[in-house]
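What follows is a single structure, written as structure tokens, with notes after it.
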Amino acid sequence: MKDIVSKVKSVVTFELPVQPAYVHAKFTSLHERFQTEDPDWSTAATRQKLISFYWLRKVPIHFLAILVISLIALSIFGELLLTDKLIVNLFVASFSCYIVLLVFHYKPEFMRNYLPQVENATALYEQRLNEKIQKCRQAQLPNFSLTLLFFVFAQLNGIEILRNDEKVSYC
């Protein structure tokens with residue numbers, strides 16, 4: 001029960017989208033999904049997707065959830081008769097509330113918490129990718145070592161190898 005209350009609280013207070021674990025998981029899942037569609041997909045493109053996801057999905061859904069909750073509370077605790085005048089007043093009030101929330105809540109939350117989390121997720125993903133590449137490079141032998149091994153293998157087995165000063169005839 002306590003877990004459910006904390007989840008509802010984080011949704012209502014708009015804490016869920018800016019939590020580091022959520023942003024990192026969302027970044028990883030989005031990046032891997034888009035990379036399966038396009039192997040050249042960059043982390044900067046995923047960053048842009050996350051930013052647009054915040055403004056075009058999370059913010060409107062959060063505001064609509066608050067609006068629906070308040071309308072349900074009004075209809076339960078008061079007698080709400082839908083008239084044209086009430087609908088117009090609700091529309092104007094909700095638009096005004098959206099502008100206030102946008103200026104004083106969503107944008108500061110975006111700049112103070114969400115954007116740094118996205119930047120951190122991008123850097124962490126690139127760092128992990130670079131570590132994987134470095135491990136692969138360390139596991140591989142350099143070209144000189146491979147050439148030397150091939151030369152020794154060819155000499156031991158009596159295989160004729162082409163010298164760099166020989167000409168090849170294809171006949």
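Hydrogens, waters and symmetry mates are skipped; everything else that's a heavy atom, side chains included, is used. This is a predicted model, so every value here is computed, not measured.
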With side chains defined as the heavy atoms from C-beta onward, is the minimum distance between [X] and [Y] less than 4.5 Å?
{"X": "Lys58", "Y": "Phe110", "answer": "no"}
{"X": "Tyr98", "Y": "Ile66", "answer": "no"}
{"X": "Phe63", "Y": "Cys97", "answer": "yes"}
{"X": "Lys49", "Y": "Phe27", "answer": "no"}
{"X": "Leu50", "Y": "Lys26", "answer": "yes"}
{"X": "His31", "Y": "Thr122", "answer": "no"}
{"X": "Tyr114", "Y": "Val118", "answer": "yes"}

When you measure from the side chain of [X] to the backbone N and O of [Y], does any donor-acceptor pair fall under 3.5 Å?
{"X": "Tyr54", "Y": "Tyr106", "answer": "yes"}
{"X": "Thr28", "Y": "Ala25", "answer": "no"}
{"X": "Asn89", "Y": "Lys85", "answer": "yes"}

Non-hydrogen atoms of Arg33 and Thr36 that approach each other most closely: O-OG1, 2.5 Å
Nearest non-hydrogen partners of Val103 and Pro108, listed with the distance: O-CD, 3.3 Å
Is [X] linked to [Y] within one hydrophobic cluster, defined over Ile, Leu, Val, Met, Phe, Trp and Tyr using a side-chain heavy-atom separation of less than 4.5 Å?
{"X": "Leu115", "Y": "Leu102", "answer": "yes"}
{"X": "Leu16", "Y": "Phe53", "answer": "yes"}
{"X": "Ile51", "Y": "Val59", "answer": "yes"}
{"X": "Leu56", "Y": "Ile61", "answer": "no"}

For the atom pair [atom1] ([X]) and [atom2] ([Y]), what is the distance rounded to the nearest 0.5 Å?
{"X": "Leu101", "Y": "Ser96", "atom1": "CG", "atom2": "OG", "result": "11.0 Å"}
{"X": "Asn130", "Y": "Lys135", "atom1": "CG", "atom2": "NZ", "result": "12.5 Å"}
{"X": "Gln117", "Y": "Glu119", "atom1": "CD", "atom2": "CD", "result": "10.5 Å"}
{"X": "Leu156", "Y": "Phe151", "atom1": "CG", "atom2": "CZ", "result": "10.0 Å"}
{"X": "Thr46", "Y": "Gln35", "atom1": "OG1", "atom2": "CD", "result": "7.5 Å"}
{"X": "His105", "Y": "Thr13", "atom1": "NE2", "atom2": "OG1", "result": "7.0 Å"}

Chi angles and distances behind the side-chain contact (heavy atoms from CB on, under 4.5 Å) call for Trp41, Glu32: CA-CA 9 Å; Trp41 189 263; Glu32 288 173 357; over 6 Å; no
Ring geometry between His62 and Phe14 (parallel below 30°, tilted from 30 to 60°, perpendicular above 60°): tilted
